[in-house]
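Here's the structure we're looking at; comments come further down.
Chain letters run A, B, ... following the sequence lines, proteins first and then strands; every chain starts at 1.
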Amino acid sequence: MPELPEVETVRRGLSARLTGRRIARVHLARADLRWPIPSGFAQALTGRRILSFARRGKTILMRLEAGQTALWHLGMSGRLRLSAAGEAPPPARHEHVVLETDDGARLGFVDPRRFGSLDLLATASEADHPRLAALGPEPLDEGFTPAVLEVALRGRRTAIKAALMDQRVIAGLGNIYACEALFRAGISPRRSAESVRGARAARLAAAIRATLEEAIAAGGSSLRDWRQTDGALGYFQHVCKVYGRAGEPCERCPGPRACRGIAAIVQHGRTSFYCPRTQR
DNA sequence: ACTGTTACCTGATTGC
DNA sequence: TGCAATCAGGTAACAG
């Protein structure tokens, strides 16, 4: 499930619980997820202290001593579950990786579909990692302005919806929040990306930011100690305004009679939800 | 270079 | 109830 708000919520949970801890043990139940786990992964982590957790797009960067960074990507079905010393987490299928820290905490990476990935960055620079280096601007950074969005979209002849999901254009949006941001901005997912300029780009930039911030706030406030009862970090029921609501009236139309209902169309193999009356 | 399609995996849900 | 078909929030390899 995880798009930027979920990943950011997971990051905060990890940070609150694991910053400063030393990794005592790494157990790999298999050698690959989406890609092979780097051969030196367990060795690079074992015995090292965790300095901090950062995030770039949907990737969590676990900063370690000696300039090492472990990259965690949850893919589509990945989740992390954390338990404290003495807690015995219920057995979970598809738990592929387990870390144990010096204070007895246990972090398990569960990912049924295995679209997630683990990677290792041995230098301090994200520019040295091809997938991170290719990512577009970070939408919650101060530098994410309408002008930056406009430049990112310039010359893109694809639909704005597809552009927003392209991580090279902007980092962190997936299908849900691309739909929600476009609804908020009143822009049709079918409009061409390059036609989103000027006031439209300004509306979209603001809508992206507000949508993500609201979702993060909802996730943060709904999780006590950043964990659900099963120890899973960072998942929450975000209330969507258009995603998954095909046929329902949208909240911006004056009434059910005015609204033709939220439409679902397939673009680039993904379902887009939008209100054809208020999104142009 | 850009754009769209397909494949990768398992599980939940829908339809017959 | 059972079983098959369909769909799922991500990404990159590939074809045109």
Side-chain angles (χ1 to χ4, degrees), chain A residues 1-11 29-37 55-60 71-80 91-97 109-119 129-136 139 151-183 189-196 208 211-212 214-216 218-219 230 232-247 264-274:
Chain A
M1 268 190 171
E3 301 181 31
L4 188 153
E6 291 79 21
V7 175
E8 174 61 18
T9 305
V10 171
R11 186 198 69 77
R30 56 182 303 139
D32 65 303
L33 295 169
R34 169 157 199 162
W35 300 292
I37 297 169
R55 179 188 54 74
R56 181 75 173 95
K58 301 172 189 171
T59 300
I60 292 172
L71 308 181
W72 300 69
H73 194 296
L74 301 177
M76 220 137 120
S77 60
R79 66 195 165 89
L80 293 170
R93 296 186 67 194
H94 308 296
E95 185 169 67
H96 307 304
V97 180
F109 185 0
V110 177
D111 184 9
R113 287 177 82 176
R114 299 206 308 275
F115 285 177
S117 63
L118 289 178
D119 210 348
H129 191 277
R131 286 200 298 281
L132 293 181
L135 290 174
V151 167
L153 296 174
R154 188 172 294 162
R156 303 240 165 209
R157 309 181 70 89
T158 191
I160 183 65
K161 164 73 176 343
L164 291 184
M165 290 183 63
D166 185 335
Q167 303 300 296
R168 297 167 302 181
V169 173
I170 176 171
L173 294 179
N175 202 23
I176 292 181
Y177 294 108
C179 290
E180 295 295 311
L182 286 168
F183 173 70
R190 313 166 68 141
R191 171 178 283 278
S192 83
E194 62 184 350
S195 74
V196 177
I208 290 168
T211 300
L212 296 175
E214 278 181 16
I216 291 169
D230 66 348
L233 289 168
Y235 283 72
F236 48 94
Q237 277 302 14
H238 180 68
V239 179
C240 296
K241 303 196 168 177
V242 287
Y243 184 84
R245 294 185 176 273
I265 60 172
V266 175
Q267 296 179 288
H268 303 86
R270 322 297 297 214
T271 306
S272 299
F273 297 88
Y274 74 112

Below 4.0 Å from chain A heavy atoms, what is the first contacting nucleotide of DNA chain B and what is the last?
dT3(B) to dG11(B)
Measure the distance from CZ on F115(A) to C1' on dA8(C) and round it to the nearest whole Å.
9 Å
Report yes if the side chains of I265(A) and Y274(A) come closer than 4.5 Å at any heavy-atom pair, otherwise no.
yes
Mind calculating the distance between CZ (R79(A)) and P (dG9(C)) to the nearest angstrom?
19 Å
Distance col, row H73(A):NE2 vs F115(A):CZ, nearest 0.5 angstrom, shows 12.0 Å
Write down the distance between CZ (R157(A)) and P (dG16(C)), rounded to a whole number of angstrom.
21 Å
Residue pair R156(A)/G269(A) against DNA chain B: nearer the 5' end by closest nucleotide is R156(A)
Side chains of R131(A) and S117(A) in contact at under 4.5 Å (non-hydrogen atoms):
yes
When you compare the side chains of S272(A) and Q267(A), does any donor N or O come within less than 3.5 Å of an acceptor on the partner?
yes
Tell me if a side-chain donor or acceptor on T9(A) pairs with a main-chain N or O of G219(A) at a distance below 3.5 Å.
no
When the distance from NZ of K161(A) to C1' of dG10(C) is rounded to whole Å, what number comes out?
12 Å
Answer yes or no: does a side-chain N or O of Y243(A) lie under 4.0 Å from OP1 or OP2 of dG9(C)?
yes
Counting only heavy atoms from other residues, nucleotides and ligands, does the tally under 6.0 Å from CZ of R191(A) exceed 12?
yes
Kindly say if R270(A) contacts the phosphate of dA8(C), meaning a side-chain N or O under 4.0 Å from OP1 or OP2.
no
Strand DNA chain C in bracket notation, Watson-Crick/G-U under 3.5 Å with | for pairs to another chain:
.|||||||.|||||||
Send over the distance from R34(A) CZ to dA13(C) C1', rounded to a whole Å.
9 Å
Answer yes or no: does a side-chain N or O of K58(A) lie under 4.0 Å from OP1 or OP2 of dG9(C)?
no
Rounded distance (Å) that lies between atom P of dT11(C) and atom CG of N175(A):
12 Å
Winner on side-chain proximity to R113(A), out of dG10(C), dA8(C), dA12(C), is dA8(C)
Atom CZ of R114(A) and atom P of dA12(C) are separated, to the nearest Å, by 18 Å
State whether the side chain of R55(A) and the backbone N or O of G57(A) hold a donor-acceptor pair below 3.5 Å, judged by distance alone.
yes
Decide yes or no for H94(A) and D111(A): does some side-chain heavy atom of the first lie under 4.5 Å from some side-chain heavy atom of the second?
no
Considering just the side-chain nitrogens and oxygens of T271(A), establish if one lies under 4.0 Å of OP1 or OP2 belonging to dA8(C).
yes
Working to the nearest 0.5 angstrom, can you tell me the gap between R113(A) CZ and R34(A) CZ?
10.5 Å
P-based separation of dC14(C) from dC9(B) [nearest Å]:
15 Å
Spacing of H268(A) atom NE2 relative to dA13(C) atom C1', expressed in whole Å:
17 Å
Just list the side-chain donor-acceptor pairs under 3.5 Å for residues 168-178 of chain A, sequence neighbours left out, or say none.
residue: R168(A); atom: NE; partner: D166(A); partner atom: OD1; Å: 3.1
residue: R168(A); atom: NH2; partner: D166(A); partner atom: OD2; Å: 2.8
residue: N175(A); atom: OD1; partner: K161(A); partner atom: NZ; Å: 2.6
residue: N175(A); atom: ND2; partner: T271(A); partner atom: O; Å: 2.9
residue: Y177(A); atom: OH; partner: E6(A); partner atom: OE2; Å: 2.8

When you check the phosphate oxygens OP1 and OP2 of dG10(C), does a side-chain N or O of Q167(A) lie under 4.0 Å from one of them?
no
